[in-house]
Structure formats: C-alpha cells, structure tokens
There are 2 protein chains.
Amino acid sequence: MDVQRLELLRELAERRSITEVARATHRTPSAVSQQLKVLEREAGLPLTERSGRGLILTDAGRALARSATDVAVALARARAVWDEFRNDATGEVSLVTFPTAGEMLLPGAVRSISAVPGLVVNCTDKDPELSDFPALTAEYDIVLAYSLRGQVPWGGRGLTVVPLMTEPLDVGLPAGHRLTSRSWITPADVIGETWIGAPEGYPFERILHQIEQKAGSQITIAQKFADLRVIEAFVVAGLGIALVPRYTWGGDQPGRLVLKPLRGVDAERQIVALMRPDRAERLAVRTVLEVLRTEAARVQAQHALIP
Amino acid sequence: MDVQRLELLRELAERRSITEVARATHRTPSAVSQQLKVLEREAGLPLTERSGRGLILTDAGRALARSATDVAVALARARAVWDEFRNDATGEVSLVTFPTAGEMLLPGAVRSISAVPGLVVNCTDKDPELSDFPALTAEYDIVLAYSLRGQVPWGGRGLTVVPLMTEPLDVGLPAGHRLTSRSWITPADVIGETWIGAPEGYPFERILHQIEQKAGSQITIAQKFADLRVIEAFVVAGLGIALVPRYTWGGDQPGRLVLKPLRGVDAERQIVALMRPDRAERLAVRTVLEVLRTEAARVQAQHALIP
DNA sequence: GACATCCATGTAGCAACGCTACACACTCCG
DNA sequence: CGGAGTGTGTAGCGTTGCTACATGGATGTC
C-alpha cells in the first residue's frame, strides 16, 4: 500500500537485516520494524520469518519486494521526467570502481563532469577480490565491474547492466623476449613460459586455465599478484610473462614492456556499470553514465590509432 | 516526490477541476489545493495555470501526470501480486456498458461472478450517444464500449483496451421479404429499400454510408431510432429493413424477423473493455474481465451452432 | 451595473501518523 | 554464563494532512 513501507521491504530484501536497513535509511531499527509490521498486517500474511537472531523474507515477502522495485523505478522515472523538464541533472552520484578501470576512465570522465554545474561524482575504488561488486549497488549509485565473456555473475539479481567497453587481454612480454617479433601469440607459443598470475578467484585465472587446455600442457605460475603495477614490474624484470589488459596498461615502461594480442582463447573482459534499476533512472546518474560511455569510446579509439 | 500528491495531479489531469478531484477523492477542495501547491513547490516550476475561474495544467504538469500514471500502475501491480498470493480477488468492481452489450453479456457474467466469494460487480448502463465513454473510465473500473473496424476513438488517451469480441452486423428483414431466400446480401441487393436507421453520431450510420457508396445510389432512411427493440418492431411491421447486431438481436420475434449477413462492407463492430491502466491491474478487475471474455466466447459459439 | 454563483486558495486548529528513546526478549559464541 | 549481536514492544513528541471557515477573482444573469 504505502510506498515508503514497500521501499523498506525492498531494502530489507537486499540488506538482509533490519539494523542495516535502519542504518541505510537513517532511522531507528524500531521504526523500521514497526513499519514492516504495519505492512505485514495490511498484506494479511507473514512477510518475514525469524531465523536465528536475524530474519529472512518469506516467498510472499520476496515477491512483494520485487514489485516494490517496479514502483521505485516508476517513481525514479517520474523524478527524471521533471528533472529533464528543468534541464537539471543536479545532485550527487556515488561510484565505485575496480582500480584499473578507475585509472583508465575516471580522470577523463570526472573532468567532463566538472563542466556540468551542480553535478558531483564521489568516486572510490575497491579491490574486486575483497568485495562482492553486485552487492555494492546497495551503497553506490554506479558500480564499475568487469566480467569475462560468457560469465554473468550479476544476472538474476535484477540489476541494471550497462556495458561500457570490451577490453582485450594481451600477453605482456619483457623487451628482447623471443616472442616480441611475433604479431600475435597462440597458446602453443607460450608452452614452457613462466607466468606471473593473479590470485585465486580473480577472473584472469580462468583465462590461464583456458590457455593450458588449448596448449595441452601445464602452465608454470611463478607469482600471483593482484596489482597490475607489480605484475608489470616483474615482467620487465624478466621474471615471467603475464596477461595485461590492453588499455589499462600503465605505459610507464616505454620500450621495456611489449604487448602482443592473444589468439585462440577468449581473452577479453567486459567493463560494465552495475546499478540498482531505480537508481539507473535518475537523470544525474544517466548523465554520468553517458560521460563514461563516451570516455570509454575515446580510450578505445586512442589505442586503435597507436597499436 | 510523494505518490499521494502525484495521484492528485493525475486526477486533476483527468477531471479538469480541483473541486471535481476533491469530490472524487473524498476530500475538501482546500486539501487538494494545498497538496498540489506543495508538489509545485517541490517541482520548482509551475504545474498549473489559472484559466478563467478554473485552472489548466502546464506542459510540465501534463508530463508529470503521465509519469504519475506509471507509478499508479506499478503500485496497482504490487497490490495484485499479493492479492494473487492470497488468492484473494475480493472487492467491488464498477462497470458501465451500452445497453445491447449489457443485455448480451452481463446476465451470464454476473452469474459466473457470483460464484466467486467476496467479489462484487456493480453494473449500470449508459446511452452511448449521451456519454463520452472513454471519460467514464474516471468513474468506473470497466467501461464496455464498441467501435467499428478501423475506428479507434480511445487511442492516445493512455487507456487500456481489452477486446472482448467482434460482432457482425446483419441486415434484419421482415418475414416474407423478397430477400429472405438469399444466404447473404450485398449493397447492390438493397437498392431501393427503405431503412430504419440510427440517430446521427451513432457509428451504425457510417455503415449505411458505406453501403450507399458501394451500391452507388442513395439510401432512404425512414426513421432513426437508438433502441434496438424499437428498430426490430418497425422491421417486423414491414416499415423498413435495418442493421441488427447478430448476437444482440432480441430473438423475441421468432420467425417474424430474419437476419442475413452483409457482404461487401466491413459490417461488424468490436466490443471492448476500456479501463484506466492502473485499475486494469487490480486482480478483482482482471478476474471480471476474464469472465467477460469467456462469456463473450460462449455467446459467439452458441450463435455459430444455430446460424 | 449589481448580485449570485462557481471557482481556487488562504488560515487556524485538530487528529493521525511515524519517528526517537528506552527497555526487553531472544540467539549465538567465547 | 555473560556479552554482543539481533528484532520488537511502549511512551511521548513533532510533523503532516486534513476539515471548517473565510477570502479573492472570474463568469453569467436580471
């Protein structure tokens, strides 16, 4: 019935705890509990069940929370309509990114956005290993994440996904390496090489496994680092070769690090923006998204010129 | 921002006057005015303009009212979701119809609905000439209306239209008429005949014009009646022939009135249910609609057996 | 041209609602 | 067995949205 109450139910569905909902909505847990009780009484059937010291939603609760999302989207769209009427893309937009995308896209994007008066973006970065990126949509308006081809970890959660770019993953070689004369590299070429890999759980690992399978031999992984700078340093030092995202590559090792495209495996990652559907409707958010898309296109075009 | 206020704006868009909105929502005009003022202040731009002693919506107001409809639809859908969860198609549904459809569909439909406990339909009829049927959606949940093929008078108003059946319009002849031996009739056949027509503005008139055009000669219209019973009585009395909806035909003149299908012109009318989109989402309304559809199918099937 | 009428809109007051603050019950874990 | 984490009741208070009544314009009529 009441939209505010439905909103609370939706928050509960995402945050799994009344205390968390209260914190997020600047209320007392008691207030949240009371409102949900009223909603439940109106609905005429239980929406939550106690489970340990917390609680979980019933099937009915989940269904109602889903509808609540549609209501929130419609409402956000209404807001956007009159923001457009006033040409007023004003407000704060919060954004998280994984580090490499932040380095590649955000400086240019933030500069463009600073040209829009009244529009403010608050950016942070988070380690993709430590955080559940889809879950971050509860806290941030825009979440920049990446996935490998075919991998869709954020499907089914009802999130809005906007693709920004697809970035090829190349093989990084030290200058003078035997393969630097090649114009591309296949899995067979790298048999016997030592790799600088990524920690377990990182999606890059899957690609190394694919290379293993295609080449039919096992891969030697010497070190596992999460930070691209560290990886690059090791490659330059001749301690191994590594997968390096083509556009994100630091480039501060001119001539000492050589990138070669990889053929025979799906070596690319897709960089996307994840959002809660209602937040995606906000005019300010849509404006930031548009800037990110053009910035991504700019980066991609720039690298196409200097291969 | 607030849904209640958006709802008031939407009502204002339809009812054109604060007093009317107040009456419809069981409030004082003052209350409505105050809430719209708040909405306007929040929006930051004027939503209404004074015009004479009433007021009209600005462009921004109309746009916002449209979004308000989407919000109302989402909200109604949420209600329907948990009504379905409880299997609870309870409530009152109001319905207006034009007389012939009421005679044909409502007795059977109301009987079926009475089998659903807690579901109540309040039916009325209105003369299609005297009332603007699309506008009646403001007062009634379901409005039964008809249109001829190609005619869509309710488009663009943002109403939900559910087709119930298409009913052929036949030519009604008195027993013993020279054409009763034919199995169908063409415009050329009826040259020289005297017609019992419908008053101006009634859609039947258009079909008579079509017959005129196809036949290439002018039609003689002796009388113009709105009520089908009167028309039938005149036909039986041998005072002329007339267009008669095939399923709606009274049938209380057995053997004295003969119906023959008309070929060569689009002689059929479509019977539809008109609804405000949010009301169409209500489970009770959808249930009634379903009954109406099956009842329409039953009537159609019954007449197919006895041609 | 004065008056009745029909609008929308202010103002004061009141009732209802949703929040905070605090206390309490319960579960998990060291 | 506490202690820290949950969710939930109760009392009280501020805000909000309503009614009742009065006011200001625009329209139409005798």
Side-chain angles (χ1 to χ4, degrees), chain A residues 1-62 64-65 68 71-72 75 135 138, chain B residues 1-62 64-65 68 71-72 75 135 138:
Chain A
M1 176 109 166
D2 183 77
V3 182
Q4 301 254 56
R5 287 195 259 265
L6 283 177
E7 195 62 21
L8 287 180
L9 185 67
R10 191 164 73 95
E11 290 286 347
L12 182 62
E14 283 188 7
R15 304 191 191 265
R16 327 303 261 180
S17 128
I18 293 220
T19 314
E20 272 309 303
V21 174
R23 203 191 321 276
T25 59
H26 309 290
R27 265 182 269 236
T28 333
S30 178
V32 176
S33 178
Q34 288 174 47
Q35 294 309 309
L36 288 176
K37 269 279 164 301
V38 174
L39 188 63
E40 192 160 291
R41 195 164 47 75
E42 283 179 341
L45 42 78
L47 300 176
T48 57
E49 269 177 351
R50 307 221 48 152
S51 150
R53 50 184 165 187
L55 45 72
I56 52 174
L57 277 82
T58 61
D59 289 349
R62 263 188 299 278
L64 199 48
V71 176
L75 245 155
Chain B
M1 178 113 165
D2 183 77
V3 182
Q4 300 253 56
R5 287 195 260 264
L6 283 177
E7 195 62 22
L8 287 180
L9 185 67
R10 190 164 74 95
E11 290 286 347
L12 182 61
E14 284 190 5
R15 304 189 191 266
R16 327 304 257 182
S17 128
I18 293 220
T19 313
E20 272 308 303
V21 173
R23 203 191 320 275
T25 59
H26 308 291
R27 264 181 270 236
T28 335
S30 179
V32 176
S33 179
Q34 288 174 47
Q35 292 311 308
L36 288 176
K37 268 280 164 299
V38 175
L39 188 64
E40 192 160 290
R41 195 164 47 75
E42 283 179 341
L45 40 80
L47 300 175
T48 57
E49 270 178 351
R50 308 221 46 153
S51 150
R53 50 184 166 190
L55 44 71
I56 53 173
L57 278 80
T58 62
D59 288 349
R62 263 188 299 277
L64 199 49
V71 176
L75 211 58

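Source: prediction; values computed, not measured. In the text below, chain A, chain B and the rest are named by the order of the sequence lines, each starting its count at 1.
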Just by distance, do the side chain of B:Arg16 and the backbone of B:Gly54 share a donor-acceptor pair under 3.5 Å?
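Side chain of B:Arg16 to backbone of B:Gly54: no pair is present.
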Sub-3.5 Å donor-acceptor pair from the side chain of B:Thr25 to the main-chain atoms of B:Val21, do we have one?
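Pair found, side chain donor or acceptor close to backbone of B:Val21.
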Below 4.0 Å from chain B heavy atoms, what is the first contacting nucleotide of DNA chain D and what is the last?
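Terminal contacting nucleotides, 5' to 3': D:dG17 to D:dT27.
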May I ask you to test the [X]-[Y] pair for a side-chain heavy-atom distance under 4.5 Å?
X: A:Leu12; Y: A:Leu55; result: yes
X: A:Ile18; Y: A:Leu36; result: yes
X: A:Leu64; Y: A:Leu57; result: no

Whole-Å gap separating C1' (C:dA16) and CD (A:Gln34):
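Result: 14 Å.
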Would you say C:dA8 has OP1 or OP2 under 4.0 Å from some side-chain N or O of B:Thr19?
yes
Under-4.0 Å side-chain N/O to phosphate OP1/OP2 contact, A:Arg53 with C:dA25
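Answer no for this pair, as no side-chain N or O of A:Arg53 is under 4.0 Å from OP1 or OP2.
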How is A:Gln35 classified with respect to the nucleic acid when contacts are heavy atoms under 4.0 Å: base, sugar-phosphate, or nothing?
sugar-phosphate
Within the structure shown, what part of the strands sits under 4.0 Å from A:Arg16 by heavy-atom distance: base, sugar-phosphate, or nothing?
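Nothing, no nucleic acid heavy atom in range.
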Roughly how far apart are A:Gln34 CD and A:Arg5 CZ, rounded to 0.5 Å?
11.0 Å
From C-beta outward on A:Ser30, which listed nucleotide comes closest to its side chain: C:dC7, C:dT9, C:dT20?
C:dT20
Tell me which nucleotide among C:dC19, C:dG18, C:dA8 gets nearest to the side chain of B:Leu55.
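In terms of side-chain proximity for B:Leu55, the closest of C:dC19, C:dG18, C:dA8 is C:dA8.
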